[in-house]
Visitor: 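Quick one: the structure is below, and I'll ask about it shortly.
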Amino acid sequence: MNIKYIIKKDIEQALIHIGLKNYYEPLIISSKKIELGNYQVDNLIKIANKNKIEPYDLFKKIIFIFNINNMYKKITFSYPGFINIFINQDWLSKKLEKLFISSRLGVKYIDTRKTIVIDYSSPNIAKEMHIGHLRSTIIGDVTVRTLEFLGYNVIRANHIGDWGTQFGMLIAYLKYKKLERKLKENLISLKEIEDYYCKSKKKCDLDKNFERESRKYVVKLQNGDNHCYSIWKKLVSITMNYNYNIYKKLNVTLNKQHTMGESLYSKMLPEIVKDLKEKKIAIEKDGATIIFLDEFKNRLGKNMGVVIQKKDKAFLYSTTDIACLKYRYEILNADRIIYYTDSRQKQHLQQIWAISKKANYIPQNLLLEHHTFGMMLYKNKRPFKTRDGNTIKLTELLNEATNRAKNLIKNKKPNLPKRKLIKLANIIGISAVKYADLSKNRNTNYIFDWDTMLSFEGNTSPYIQYAYTRIISILKKSNIRINKISEKINLTKDSEIKLAIKILEFEEIILIIEKKGTPHIMCNYLYQLATYFSNFYENCSILFAKKIKTCKSRLKLSFLTAKTLKKGLNILGIKILKKM
Ligand code: ARG
């Protein structure tokens with residue numbers, strides 16, 4: 001159900017009938033005041049001006065021709081040039097009735113067999129995930145859930161950083177410290193591995209022999225040496241098992257079968273480099289293989305080079321991404337590919353896309369999108385980092401979230417049994433962090449503030465989760481089974497109509513996320529829905545309504561609000577609670 005779209009089409013139809021040659025697409029918005037109807041055509045003046053006609057005269061022409069069916073109650077004009085549209089209550093009520101029978105809340109399946117690859121989370125091996133990966137992981141997962149809900153064939157691609165020279169250093173270091181056995185026996189934690197990783201890097205800078213040794217191991221690993229391979233495999237599995245736990249905690253849908261890391265493409269790399277050279281796209285310069293692209297100039301105005309193979313024959317992040325893109329198109333049959341990484345990788349991806357098109361690995365019109373996101377900041381607008389300037393580990397952040405939630409709940413409910421307390425704290429704490437992130441426009445930086453995100457007021461997850469539990473408890477108190485009510489919903493009060501229209505907006509929101517991958521649109525929507533419900537609750541008695549018929553109608557409306565909140569939170573990957 002997309003009411004704005006229906007109105008837009010009807011107005012457009014009228015404009016065509018009138019015979020206007022050039023008009024802008026009618027812009028339909030929700031009215032701010034009830035006297036101005038439920039919806040307004042916002043750009044009538046612009047359309048009128050373009051056609052050299054007075055807005056009021058244009059309105060009269062539109063009305064003359066307009067197909068007033070049972071959806072519209074009345075259509076009025078207000079100065080200087082707005083069309084106000086009032087929707088028929090009966091029509092709304094009929095549409096609401098349909099929502100009871102389906103689990104889709106009126107959202108139609110997209111009639112398509114299109115495959116969409118979503119590259120998200122994508123952490124690096126031998127390191128813990130940090131807060132940048134939080135954003136990629138949870139924002140990407142909302143898009144995945146939305147597109148799957150619409151019926152697309154979605155492929156989750158967790159492009160983990162599991163290939164590269166760092167593994168040579170690590171293998172050399174583990175040997176040097178005689179830690180290989182311990183690793184194989186699972187006695188080394190990810191924290192320790194990360195520590196060895198840092199130390200091995202330092203040692204490489206200082207110790208030429210060690211550096212040579214490391215390089216040897218890279219080559220050995222690439223050539224499939226058993227020993228190196230088994231150590232590499234262990235490092236990957238320790239890191240990823242740790243990460244799968246985090247995914248579970250975060251309630252995101254990623255698991256083992258979605259891991260498609262850099263190593264998957266390693267066998268393709270020599271062939272790609274060879275092919276790009278043959279096609280005269282890449283050239284050799286000082287022993288390295290480089291691609292110069294006309295589209296990308298450096299500060300001096302010279303064509304910028306993308307190195308795809310170094311002098312020491314090592315391949316790079318870029319080489320892998322070219323192979324990966326080819327694979328996603330040829331093997332996975334992608335029609336659209338979306339990457340969730342921060343904005344610093346923008347140029348890298350654009351270069352990869354340009355090269356892959358030039359080499360005809362992918363068609364020119366393949367839909368490629370980079371959904372970037374900004375940084376998390378402190379209140380003083382400084383980047384969110386540890387005291388010593390390091391990135392904050394995701395585990396630490398999530399632990400703090402649950403601890404803070406635990407203290408909060410303990411204060412409110414001192415007698416809650418420990419098991420329940422922990423369960424509740426986990427859900428409330430993690431949801432708060434997720435929601436705080438998802439509710440901000442992903443393109444901008446945002447201030448990370450524990451107190452606001454855990455508050456029961458404002459656009460926060462505790463507020464929305466609580467709104468849901470409150471409705472559930474009203475429904476329970478009524479002792480009436482919703483599916484046993486035969487009477488139709490009857491909308492009389494303004495606050496009921498507003499709530500009804502809001503519920504019917506759900507599809508509109510889903511379709512925006514389908515295009516733009518912007519979860520904050522859903523958060524804003526759920527927040528509005530919850531506040532509209534509050535407003536309705538204050539203005540309309542539900543359980544104590546004068547007539548039982550009214551009570552039943554309002555219970556139905558409450559039920560649909562809860563159903564919509566639940567589905568919306570589910571799209572965001574946020575758990576609901578029956579009690580809070
Ligand atoms: N591993 C990278 C990082 O942690 C992100 C990978 C994004 N995906 C890609 N195809 N390059 O920054």
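Read the numbers this way: they start at 1 and go in the same order the structure lists the ligands and their atoms.
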Visitor: What is the closest protein heavy atom to atom 12 (O) of ligand 1, and at what distance does it sit?
Guide: Q345 NE2, 3.1 Å
Visitor: By number and element, which atoms of ligand 1 are closer than 4.0 Å to a non-hydrogen atom of Y339?
Guide: 10 (N)
Visitor: Looking at Y109, I'd like to know if the NZ or CZ of R104 sits under 6.0 Å from its six-membered ring centre while staying within 45 degrees of the ring's axis.
Guide: yes
Visitor: Suppose I only count heavy atoms of D321 and a 4.0 Å limit; which atoms of ligand 1 are within that range?
Guide: 9 (C), 10 (N), 11 (N)
Visitor: Closer than 4.0 Å to some heavy atom of D119 - which atoms of ligand 1 meet that?
Guide: 7 (C), 8 (N), 9 (C), 10 (N)
Visitor: Quick one: look up the protein heavy atom nearest atom 2 (C) of ligand 1 and list residue, atom name and how far away it is.
Guide: S122 O, 3.5 Å
Visitor: Describe, in one word, how the ring planes of F506 and Y525 are oriented to each other, choosing from parallel (under 30°), tilted (30 to 60°) and perpendicular (over 60°).
Guide: tilted
Visitor: Is there a heavy atom of Y340 sitting under 4.0 angstrom from any atom of ligand 1?
Guide: no
Visitor: Assign the ring pair H130 / H133 to parallel, tilted or perpendicular, where the plane angle (0 to 90°) is split at 30° and 60°.
Guide: tilted
Visitor: Determine, using ring centers only, whether Y339 and H370 are less than 6.0 Å apart.
Guide: no
Visitor: Tell me the nearest of R328, H159, K127 to atom 9 (C) of ligand 1, using heavy-atom distances.
Guide: H159
Visitor: For ligand 1, find out whether one of its N or O atoms is nearer than 3.5 Å to an N or O atom of Y317.
Guide: yes
Visitor: Is the shortest side-chain N to carboxylate O distance from R336 to E369 below 4.0 Å?
Guide: yes
Visitor: Counting heavy atoms only, which of I125, L349, T341 is nearest atom 7 (C) of ligand 1?
Guide: T341
Visitor: In terms of relative ring orientation, are F167 and W232 parallel, tilted or perpendicular, with 30° and 60° separating the classes?
Guide: perpendicular
Visitor: Would K201 count as a cation-pi partner of Y197, with NZ or CZ less than 6.0 Å from the six-membered ring centre and within 45° of the ring normal?
Guide: yes
Visitor: Does T564 reach the side chain of Y468, with side-chain heavy atoms less than 4.5 Å apart?
Guide: no
Visitor: May I ask you to check whether E262 has an N/O atom sitting below 3.5 Å from an N/O atom of ligand 1?
Guide: no
Visitor: Report yes or no: does a heavy atom of H133 sit under 4.0 Å from some atom of ligand 1?
Guide: yes
